[in-house]
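Below: one structure, written as structure tokens.
A, B, ... follow the sequence lines: proteins, then strands. Residue 1 opens every chain. Not measured: the values here are computed from a predicted model.
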Number of protein chains: 2
Amino acid sequence: MLIQMQRRGQNLRASLPFRGRFPWLSMVYSAAANAEDMSVMVETRSPANPLFLRDEELRQGIELMFYAYRDFTFESDQQLKRYQLGRAHHRALYFIGRHPGQTVGHLLSILKVTKQSISRVLKDLLEQQYVEQKSGPRDRRERRLWLTEKGQVLERELTDRQSQRFARAYRETGADAVEGFRKVMLGLLDPAERIEVDKRVRGAGR
Amino acid sequence: MLIQMQRRGQNLRASLPFRGRFPWLSMVYSAAANAEDMSVMVETRSPANPLFLRDEELRQGIELMFYAYRDFTFESDQQLKRYQLGRAHHRALYFIGRHPGQTVGHLLSILKVTKQSISRVLKDLLEQQYVEQKSGPRDRRERRLWLTEKGQVLERELTDRQSQRFARAYRETGADAVEGFRKVMLGLLDPAERIEVDKRVRGAGR
DNA sequence: CTAAATAGGTCAGTATTACTGACCTTGTCA
DNA sequence: TGACAAGGTCAGTAATACTGACCTATTTAG
């Protein structure tokens with residue numbers, strides 16, 4: 001196998017259409033938590049260096065994230081078109097169904113969008129009676145959100161495609177893999193989010 | 001405790017009204033594929049229903065996907081703004097870097113967008129000299145793509161944030177979890193894509 | 001009781017991404 | 001030579017999401 005160093009960026013081309021391996025590594029393994037981590041921070045360019053694997057491994061993660069998300073969203077996006085709705089509507093439906101009676105503010109903190117953004121979506125869903133709202137029992141400024149029956153039906157229809165995808169993946173890979181998946185996904189979150197998300201993910205709504 | 005969330009400029013208070021807990025019961029994995037398929041189709045409203053666990057588990061996966069992707073893209077999106085570029089530019093840069101010398105058509109098949117969509121992005125990147133192209137050596141209709149030095153620098157800068165996120169997650173969870181993560185992510189792909197993606201993910205640029 | 005803060009909505013303007021459809025050039029190949 | 005493939009381009013549309021400014025009810029702190 002030919003591994004070509006690419007220092008100039010120019011010489012690789014022409015002759016090697018699809019063969020260029022990129023040994024641009026370096027880095028990453030962390031801001032050094034201990035001595036072991038330190039060792040991998042050492043500068044190196046050699047393809048023989050185990051660091052290549054590191055970088056390679058991390059890029060695999062990045063790519064899996066891209067590919068999985070791409071396929072994961074595709075089917076329900078198709079379904080949404082039939083209702084003249086978009087992915088944002090699905091997200092809102094999903095999380096309203098997941099946390100019945102939650103406030104608009106809570107929904108915003110999950111989706112991390114602006115209220116102007118959610119506003120359009122919520123308006124559509126309210127108008128078409130997929131969602132209903134009531135003011136909060138204690139604080140009447142709040143608008144608490146619920147799916148209507150109609151909304152529950154739609155939400156299930158949309159989510160089922162994704163659930164089935166997960167069911168297939170989980171079945172094919174087994175319990176240990178699923179546990180690993182769960183851990184890594186939680187590990188990818190912003191640290192500040194983890195506890196909240198872990199709680200939300202585990203303990204349904206309410 | 002007040003958690004201040006101001007990622008997107010809006011003042012989102014974290015009113016966390018819904019902390020309730022559903023006991024996280026251990027997962028039930030029957031090897032029986034048929035029985036499991038049923039579970040996602042069956043109405044599972046009652047917490048007493050054992051199928052509830054199944055549905056619950058699958059929804060956890062869906063949510064982890066949402067949350068992880070949300071946080072995974074956030075940092076590099078911020079960085080991209082400084083260059084007046086968008087996420088689509090990053091994706092193009094990433095995959096051109098990953099598969100140097102690939103054709104436009106190959107890039108399209110990875111991103112799964114239309115050529116009109118990629119066209120704008122590629123035009124920007126070519127104009128700003130992050131990317132360069134050459135016609136294919138055998139088939140001169142093809143345009144093969146490479147990152148320039150400048151493009152490589154930018155791509156690394158953008159990708160590093162994501163790599164570091166993965167590095168942290170991998171470090172915190174360990175090799176077994178990573179392997180499980182990888183398996184599940186591959187399992188989420190459209191079956192028709194798996195072999196290709198697995199190949200692409202493992203063996204850099206072929 | 002009043003003032004400030006909070007929950008939520010709304011108007012206006014902009015940017016990005018991505019789509020469909022039509023049409024074009026260049027090049028390959030049977 | 002003619003069909004077809006790779007790629008580009010023009011035009012129009014839609015969805016998502018952003019900033020900024022301003023508005024109404026309510027709640028709450030001093």
Side-chain angles (χ1 to χ4, degrees), chain A residues 17 66 69-70 73-74 76-78 80-92 101-109 111-127 131 133-145, chain B residues 2-17 66 69-70 73-74 76-78 80-93 101-109 111-127 131 133-145:
Chain A
F66 167 77
Y69 196 79
R70 182 196 67 181
T73 51
F74 184 77
S76 36
D77 281 1
Q78 291 301 103
L80 282 157
K81 272 190 211 155
R82 295 208 259 241
Y83 293 93
Q84 311 255 64
L85 299 173
R87 199 184 290 179
H89 297 93
H90 184 193
R91 287 201 289 258
Q102 78 184 324
T103 62
V104 172
H106 187 238
L107 183 58
L108 286 178
S109 80
L111 300 178
K112 296 237 176 103
V113 295
T114 58
K115 61 183 176 178
Q116 295 92 327
S117 282
I118 207 64
S119 154
R120 172 187 54 87
V121 169
L122 233 35
K123 199 168 148 189
D124 292 344
L125 296 177
L126 286 164
E127 270 169 12
V131 168
Q133 57 180 7
K134 286 185 209 153
S135 31
R138 282 211 293 268
D139 187 336
R140 294 199 334 269
R141 290 171 304 182
E142 293 174 348
R143 309 264 162 108
R144 286 169 180 268
L145 303 167
Chain B
L2 185 83
I3 296 177
Q4 196 80 6
M5 305 209 188
Q6 47 186 5
R7 288 176 82 157
R8 310 263 157 108
Q10 287 276 327
N11 52 335
L12 307 170
R13 297 139 300 294
S15 46
L16 316 166
F66 167 76
Y69 196 78
R70 181 196 68 180
T73 50
F74 184 77
S76 37
D77 281 0
Q78 291 301 103
L80 281 158
K81 273 191 212 155
R82 296 208 259 241
Y83 292 92
Q84 312 255 61
L85 299 172
R87 200 185 288 178
H89 296 93
H90 184 193
R91 287 202 287 260
L93 280 173
Q102 79 185 324
T103 63
V104 171
H106 187 239
L107 183 57
L108 285 179
S109 78
L111 299 179
K112 296 241 178 97
V113 294
T114 58
K115 61 183 175 177
Q116 295 92 326
S117 282
I118 206 62
S119 153
R120 175 187 50 88
V121 170
L122 233 35
K123 198 167 149 190
D124 292 344
L125 296 176
L126 286 164
E127 269 169 12
V131 168
Q133 58 180 5
K134 264 196 168 182
S135 32
R138 282 210 289 268
D139 186 336
R140 290 195 340 267
R141 289 171 303 180
E142 294 172 348
R143 310 260 163 110
R144 285 165 182 269
L145 304 167

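- In terms of position along DNA chain C, the nucleotide closest to A:Gln133 lies nearer the 5' end than the nucleotide closest to the other residue of the pair A:Gln133 and A:Lys81.
- Applying the 3.5 Å distance criterion, the base of C:dG21 shares a donor-acceptor pair with the side chain of B:Gln116.
- Distance A:Gln102 CD to C:dG8 P: 10 Å, rounded to the nearest Å.
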Open item on the list: Does the protein touch nucleotides 22-30 of chain D at the base, only the backbone, or not at all? Give it as B, S and - per nucleotide, heavy atoms under 4.0 Å.
Closed with: ---BBS---
- [ ] Please report the C-alpha distance between A:His89 and A:Asp124 in whole Å, then the side-chain angles of each, then the deciding distance to 0.1 Å, and finally whether the side-chain contact (heavy atoms from CB on, under 4.5 Å) criterion is met.
- [x] CA-CA 8 Å; A:His89 297 93; A:Asp124 292 344; 2.9 Å; yes
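- In this structure, B:Lys112 places its NZ atom where more than 12 heavy-atom neighbours from other residues, nucleotides or ligands lie under 6.0 Å away.
- Checked by atom type and distance alone, the side chain of A:Thr73 pairs as donor or acceptor with a backbone atom of A:Tyr69 at under 3.5 Å.
- Counting non-hydrogen atoms of neighbouring residues, nucleotides and ligands closer than 6.0 angstrom, the CD atom of B:Gln84 reaches no more than 12 such neighbours.
- Straight-line distance from the CD1 atom of A:Ile118 to the C1' atom of D:dT19: 17 Å, rounded to whole Å.
- The minimum heavy-atom distance between B:Ser135 and B:Arg140, with the atom names listed, is CB-O, 3.5 Å.
- Following rounding to the nearest Å, B:Arg70 (CZ) and D:dA17 (C1') show an atom-to-atom distance of 16 Å.
- One can place CG of B:Asp77 at 11 Å from P of D:dC18, the figure rounded to the nearest angstrom.
- Atom CZ in A:Arg82 sits roughly 17 Å away from atom P in D:dA15 (whole-Å rounding).
- Atom CG of B:Leu80 is separated from atom C1' of C:dA15 by 14 Å (rounded to the nearest Å).
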Distances under 3.5 Å between protein N/O atoms and the N/O atoms of nucleotides 16-18 of chain C, please, pair by pair.
from   : atom 1 : to       : atom 2 : distance (Å)
C:dT17 : OP1    : B:Arg87  : N      : 2.8
C:dT17 : OP1    : B:Ala88  : N      : 3.2
C:dT17 : OP2    : B:Arg120 : NH1    : 2.8
C:dT17 : OP2    : B:Arg120 : NH2    : 3.3
C:dA18 : OP1    : B:Arg91  : NH2    : 2.4

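- Here B:Arg144 contributes atom CZ and B:Lys134 contributes atom NZ; the two are 11.5 Å apart, rounded to the nearest 0.5 Å.
- In this structure, B:His106 contributes its side chain and B:Thr103 its backbone to no donor-acceptor pair below 3.5 Å.
- Rounded to an integer number of Å, the gap from B:Gln78 CD to C:dA15 C1' is 15 Å.
- Heavy-atom minimum distance, A:Ala92 versus A:Val121: CB-CG1, 3.8 Å.
- What you find for B:Leu108 and B:Thr114 is that their closest heavy atoms are CD2-O, 3.7 Å.
- Protein atom CD of B:Glu142 is 12 Å distant from nucleotide atom P of D:dG8, rounded to whole Å.
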